[in-house]
Amino acid sequence: MRLGIKTMSFFEVDKKVKDSVAKDLVLLPKVSFDWRTPFKKIEHCLDEIFSAGWIKAIDLSGPELVLPVEEFVPLYSKAE
């Protein structure tokens, strides 16, 4: 089925598919960030990720405590 998708972000495509094909589909995705990546390096993409409204969880993965937990307070505050 063609959805008329031209140049769209992943989140726009996801919404278009759910709206037109799978209205009752429930997704419970999480987004995962590596402990080794300082918040300042991922901050620029968070507004788009969280504005989609369907991310239900965030996770820190990789070697724990490479950076202090306090480094990620802004991430969890933004996700709230």
Side-chain angles (χ1 to χ4, degrees):
M1 171 172 30
R2 297 197 57 132
L3 296 173
I5 298 170
K6 294 179 184 167
T7 303
M8 302 171 79
S9 76
F10 170 79
F11 301 108
E12 291 169 324
V13 171
D14 174 72
K15 181 173 179 0
K16 189 165 185 92
V17 169
K18 285 196 306 189
D19 290 349
S20 64
V21 179
K23 291 180 176 116
D24 296 326
L25 180 66
V26 176
L27 296 174
L28 301 172
K30 75 175 181 180
V31 64
S32 184
F33 297 99
D34 193 304
W35 276 92
R36 295 168 287 208
T37 307
F39 175 75
K40 290 173 180 33
K41 289 195 175 194
I42 56 174
E43 183 176 18
H44 68 280
C45 66
L46 296 179
D47 287 335
E48 183 179 6
I49 290 170
F50 296 136
S51 70
W54 57 267
I55 297 296
K56 302 299 179 192
I58 58 174
D59 182 32
L60 292 173
S61 59
E64 293 183 4
L65 305 178
V66 171
L67 294 172
V69 173
E70 294 78 20
E71 176 79 25
F72 297 94
V73 169
L75 168 64
Y76 283 90
S77 295
K78 196 164 199 60
E80 189 177 341

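Taking every heavy atom of both residues into account, Val69 and Trp35 meet most closely at CG2-CH2, 3.8 Å.
Residues Tyr76 and Ile42 are members of one and the same hydrophobic cluster, defined by side-chain heavy-atom contacts under 4.5 angstrom among Ile, Leu, Val, Met, Phe, Trp and Tyr.
Taken from OG in Ser32 to CD1 in Ile58, the straight-line distance is 9.5 Å, to the nearest 0.5 Å.
At distances below 3.5 Å, not a single donor-acceptor pair connects side-chain atoms of Asp59 with backbone N or O atoms of Ser61.
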